[in-house]
There are 2 protein chains.
Amino acid sequence: MAETLTTTALTLKDIARQAGVSLATVDRVLHNRPGVRPDTVRRVKEAIERNSFQPHVAAAELARGRARRFAFVMPSGPNPFMQQIQDYLGEMSGWLSSRRLGVETVATDVFDPSVLAASLEGLSDDYDGIAVVALDHPGVRAAIDDLVDAGAKVVTLVSDVPSSRRHHYVGIDNIAAGRTAGALVGRLVGQKSGKVAIVAGSQGLRDHAERIFGFNQVMASEFPGLSVLPVLEGRDEDARSEQLLARLLGRHTDIVGLYNVGAGTQGVANALNEKALSDAGRDRQVVFVGHDLTALTRRLLLQGVMHAAISQNPGHEARAAVRVLLALARGEPILREQEKIRIDIVMRDNLP
Amino acid sequence: MAETLTTTALTLKDIARQAGVSLATVDRVLHNRPGVRPDTVRRVKEAIERNSFQPHVAAAELARGRARRFAFVMPSGPNPFMQQIQDYLGEMSGWLSSRRLGVETVATDVFDPSVLAASLEGLSDDYDGIAVVALDHPGVRAAIDDLVDAGAKVVTLVSDVPSSRRHHYVGIDNIAAGRTAGALVGRLVGQKSGKVAIVAGSQGLRDHAERIFGFNQVMASEFPGLSVLPVLEGRDEDARSEQLLARLLGRHTDIVGLYNVGAGTQGVANALNEKALSDAGRDRQVVFVGHDLTALTRRLLLQGVMHAAISQNPGHEARAAVRVLLALARGEPILREQEKIRIDIVMRDNLP
DNA sequence: CTCAAAATGAGTTGCGTACCTCAAAACACC
DNA sequence: GGTGTTTTGAGGTACGCAACTCATTTTGAG
């Protein structure tokens with residue numbers, strides 16, 4: 001009836017006895033210290049295996065004594081999503097300090113490779129782990145690799161640099177996000193055929209490019225009745241996005257769907273509202289899908305202007321980054337499933 | 001540039017010095033032991049506040065020494081969702097044992113109130129915390145309250161008993177889930193009008209009833225073009241669900257949407273497939289929204305038979321339950337945002 | 001003022017590990 | 001067999017807190 005999943009009360013002393021060696025030797029094996037014959041190493045490791053011994057993390061943490069410091073390198077400027085991540089880090093302060101963890105944020109211009117690389121250099125002297133919102137650029141990659149070489153644990157946050165030797169990436173799969181957006185636009189448009197517009201910040205940004213790629217993939221393969229118009233590059237600015245989109249909506253009266261890849265959401269909404277006014281009465285509402293859950297997108301969802309938002313949970317992202325850095329620093333395994341950032345579809349009725 | 005969120009290195013000794021008392025007194029205050037004048041209590045608490053002192057959890061855990069044991073009271077029988085939760089608990093075994101936590105599962109008939117209550121009785125002698133998939137019934141409520149009175153920490157899992165004194169509920173908001181299902185069916189049906197069918201296990205089950213409630217709410221207020229047919233009670237059985245639904249589909253040729261509230265998914269899919277065959281060619285596909293991500297629903301989504309699944313992440317649920325029980329046992333605060341179980345919308349293109 | 005009760009101080013022990021030192025034993029090599 | 005080197009044992013200290021004992025001081029009631 002009751003199935004035991006875990007029962008452990010063994011200590012290092014027990015392992016030492018079983019392996020027929022002293023505590024000191026077990027310690028040497030456990031921490032890869034030199035001066036142990038290969039044969040003895042094997043015996044000790046076997047004893048550990050046999051009992052599936054796990055060092056008591058609390059004891060280890062206490063004995064090691066050293067407080068750990070992590071740095072979060074984030075964009076300067078008023079990006080609400082990044083602000084939310086920092087807010088959640090603040091909310092964790094109790095959790096952090098009761099584990100003697102120090103978390104500090106370093107604001108920098110993450111869009112300038114040389115500035116970002118410069119910010120990263122030397123961080124390994126002061127911090128055990130670094131989480132960085134990274135631009136995918138050779139200079140940045142080199143800076144990350146340098147940190148890793150210097151012994152720091154590095155995770156990329158939100159935006160990845162897959163070619164670097166970072167230990168982990170905490171963020172969503174942007175191609176899948178784009179595919180999801182495509183599926184939503186296609187399904188929500190329904191039977192109608194027509195054109196679909198895309199507004200992005202820039203196709204030079206890795207995450208935007210990946211989202212567009214995924215979006216086009218789905219539109220081409222599953223919704224042949226919808227044709228995708230060339231991407232508008234609004235640079236994540238409201239004014240520019242509004243202007244470009246308004247012009248496009250004027251030229252193409254048969255636009256039935258819109259995918260906003262990045263920010264500039266207010267501008268997009270303005271352009272759509274103008275069109276809605278001039279179309280008044282006719283059933284011509286454009287299906288609008290965008291990213292991230294902010295005060296603005298929340299309002300637009302409630303108003304019915306926006307139909308769905310693809311969101312990544314900033315709280316989860318912040319916590320996952322800290323947990324991953326901590327596990328890496330301790331040499332513990334990472335619960336990959338737990339730390340995976342999911343793509344959430346948010347519509348009016350499941351607004352969290 | 002660098003903003004410090006946390007810096008702590010204080011120990012109890014420092015607090016004692018600041019408050020002008022001895023370590024023993026601080027200890028008495030911290031653990032609500034008797035024999036301290038109210039005024040002294042205040043002084044000590046102020047010193048703790050002032051420094052926002054947090055005891056070092058590792059040290060506390062080590063000093064307390066006692067291993068903790070948690071019980072998971074789960075349905076016997078082959079429920080795949082519950083099986084997934086147990087699987088994830090198994091995957092955590094390393095994490096658990098390195099913290100000297102024992103987790104055991106107790107299988108019982110959670111649908112029989114007296115059997116469930118009997119299983120719960122006496123558990124508090126052996127376990128520090130209990131997670132239970134609970135039926136909402138007076139007998140069960142009493143059993144839960146008894147456990148709480150006996151000093152055990154209790155969380156309800158997946159299904160809540162809000163009237164009990166359980167410390168926490170780990171699971172989704174089922175009314176919101178139903179609302180989400182309603183919004184999905186309504187939006188995915190698109191412009192068409194017609195009828196919508198509901199297949200549930202039983203309206204007597206709290207979670208099913210809540211989901212139906214939420215679903216109807218949205219349909220009534222937002223999709224007046226769609227009329228909801230009376231609920232079919234398939235008892236979560238494939239054969240019965242198929243039979244009932246097939247008959248309904250025969251009687252009403254204008255069914256455009258279907259909400260499957262519980263299990264019996266294979267039966268529902270069978271009935272839909274039959275209809276699809278007889279409707280061949282005509283654009284009459286029924287929008288099908290259901291719950292949970294299993295091997296079957298995953299296949300149906302990929303085949304395009306099912307359009308969306310509302311899912312709760314069983315891994316998250318298992319981990320959250322353990323973390324909450326641990327925090328409760330340690331007297332730590334619970335990170336509510338972290339432990340909240342989200343409602344995931346899964347469509348073909350964001351299948352995890 | 002006296003005396004018991006209440007409050008407090010001072011101290012100890014132990015939790016399981018990390019990290020260190022020093023001496024003893026085993027080994028390899030000539 | 002002697003030498004030097006490598007491997008191993010034994011033991012200690014520290015980490016911060018929980019939980020306890022016992023002596024001492026303070027307090028309040030009579």
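As the structure is a computational prediction, the values presented were derived from the model and not from experiment. Excluded from the calculations below are hydrogen atoms, water molecules and symmetry mates; all remaining heavy atoms, backbone and side chain alike, are included.
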Query raised in the report: Within this structure, what is the CZ-to-C1' distance between B/R64 and D/dC20, rounded to whole angstrom?
Result: 15 Å
Query raised in the report: With nearest nucleotides of DNA chain C determined for A/R33 and A/A58 from heavy-atom distances, which residue corresponds to the more 5′ nucleotide?
Result: A/A58
Report task. Give the C-alpha distance, both sets of side-chain angles, the deciding distance and a yes or no for side chain to side chain donor-acceptor pair (under 3.5 Å) between B/Q83 and B/D87. Result -> CA-CA 6 Å; B/Q83 189 55 52; B/D87 291 346; 3.1 Å; yes
Query raised in the report: Roughly how many Å is it from CG in B/D27 to P in D/dC17, rounded to a whole number?
Result: 11 Å
Query raised in the report: If you round to the nearest 0.5 Å, how far is CG of B/L23 from NZ of B/K13?
Result: 7.0 Å
**Report entry** CG-CD distance between A/N51 and A/E46, expressed to the nearest 0.5 angstrom
**Finding:** 11.5 Å
Query raised in the report: Out of curiosity, A/D136 CG to A/R141 CZ, how far, rounded to the nearest 0.5 Å?
Result: 7.5 Å
Requested in this report: Provide the closest heavy-atom pair for B/A320 versus B/V170 in the form atom of the first, atom of the second, distance.
Outcome: CB-CG1, 4.0 Å
Requested in this report: Can you tell me the distance, in whole Å, between the CZ atom of A/R42 and the P atom of D/dT8?
Outcome: 12 Å
Requested in this report: Please report, rounded to the nearest Å, how far the P atom of D/dG9 is from the CG atom of A/L12.
Outcome: 14 Å
Query raised in the report: To the nearest angstrom, how far is B/K13 atom NZ from D/dC15 atom P?
Result: 8 Å
Query - Under 4.0 angstrom between A/H56 side-chain N/O and C/dC15 OP1 or OP2 - result: no
Query raised in the report: What nucleotide among D/dA18, D/dG16, C/dA18 has an atom nearest to a side-chain atom of B/T11?
Result: D/dG16
Requested in this report: Send over the distance from A/R68 CZ to C/dA18 P, rounded to a whole Å.
Outcome: 11 Å
Query raised in the report: In terms of side-chain geometry, is the basic nitrogen of A/E49 or A/R43 positioned less than 4.0 Å from the acidic oxygen of its partner?
Result: no
Query raised in the report: Partner of C/dC30 by Watson-Crick or G-U wobble geometry, both contacts under 3.5 Å, or none?
Result: D/dG1
Query raised in the report: Have A/D344 and A/Q312 got a donor and an acceptor in their side chains that come within less than 3.5 Å?
Result: no
Query raised in the report: Please give, in whole Å, the distance from D/dC15 C1' to A/R99 CZ?
Result: 17 Å
Report summary line: Ranking D/dG16, D/dA19, C/dT17 by distance to the side chain of B/H31, first place goes to D/dA19
Grab the N/O contacts between the protein and nucleotides 7-11 of chain C below 3.5 Å, and write none if there aren't any.
{"unit_1": "C/dA7", "atom_1": "O3'", "unit_2": "B/R37", "atom_2": "NE", "d": "3.2"}
{"unit_1": "C/dA7", "atom_1": "O3'", "unit_2": "B/R37", "atom_2": "NH2", "d": "3.2"}
{"unit_1": "C/dT8", "atom_1": "OP1", "unit_2": "B/R37", "atom_2": "NE", "d": "3.4"}
{"unit_1": "C/dT8", "atom_1": "OP1", "unit_2": "B/R37", "atom_2": "NH2", "d": "3.1"}
{"unit_1": "C/dT8", "atom_1": "OP1", "unit_2": "B/T40", "atom_2": "OG1", "d": "2.2"}
{"unit_1": "C/dT8", "atom_1": "OP2", "unit_2": "B/R37", "atom_2": "N", "d": "2.7"}
{"unit_1": "C/dG9", "atom_1": "OP2", "unit_2": "B/S22", "atom_2": "N", "d": "2.7"}
{"unit_1": "C/dG9", "atom_1": "OP2", "unit_2": "B/S22", "atom_2": "OG", "d": "3.2"}
{"unit_1": "C/dG9", "atom_1": "OP2", "unit_2": "B/T25", "atom_2": "OG1", "d": "2.7"}
{"unit_1": "C/dG9", "atom_1": "O6", "unit_2": "B/R28", "atom_2": "NH2", "d": "3.0"}

